[in-house]
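Notes follow once the structure below has been shown.
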Amino acid sequence: FFKAVGTKVQTAVRNTYPTPPTREDAIKLVASQETAHFVEGVPLEVLSKTLLEPLRVIADRGGKSWRSYGMLACIDVVGGDCTEFLSWLAMPEFMHVGSLIVDDIQDKSKTRRGGPCAHLLYGEPLAINAGTA
């Protein structure tokens, strides 16, 4: 069951923070159809490098997905149907990964989930911004 949740989490992560993002992806992430002009002139490769990739580099390495499983369990416990919310699975994962990125900076960690920490790959300022966005 946990492996299946982990697979669903990874799919939700890729769908929520696609790298590289299209203009339509950027609008969904930082604007709306009514405010689509907010992304005019925003280089999508910069959006990807500064916001999406620092989170994705850690999230894409996998994890136990306990928080996402907990979200599904809570929905079912209160009588909901968790299958209606599978697209939301990325949210607990991103919140957790963001806290890990900041924690790694504070602890001066070198590795996270078997690879270099985000701050070592992207620098501390970008890692902090991505981890707290």
Please say yes or no: joined through hydrophobic side-chain contacts below 4.5 Å, possibly via intermediate residues, are [X] and [Y] part of one cluster?
X	Y	answer
Val102	Tyr17	no
Ile58	Met91	yes
Leu89	Phe85	yes
Phe94	Val30	yes
Leu121	Val13	yes

With the side chain counted from C-beta on, respond yes when [X] and [Y] share a heavy-atom pair under 4.5 Å apart, and no when they do not.
X	Y	result
Thr50	Tyr122	no
Gln10	Asp60	yes
Leu29	Leu52	yes
Asp25	Thr22	yes
Glu40	Arg23	yes

Can you check whether [Y]'s main-chain N or O pairs, donor with acceptor, with [X]'s side chain at less than 3.5 Å?
X	Y	value
Thr111	Gly114	no
Arg61	Arg112	yes
His119	Ser109	yes

Tell me which donor-acceptor pairs under 3.5 Å the side chains of residues 70-82 have, and how far apart each pair is, sequence neighbours excluded?
residue	atom	partner	partner atom	Å
Asp76	OD1	Cys82	N	3.0
Asp81	OD1	Thr83	N	3.1
Asp81	OD1	Thr83	OG1	2.6
Asp81	OD2	Thr83	OG1	3.1

Hey, could you give me each pair passing ring-ring contact (aromatic ring centres under 6.0 Å, His included) that has a residue in residues 43-67? Not counting sequence neighbours.
->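 Matches after skipping sequence neighbours: Phe2-Trp66.
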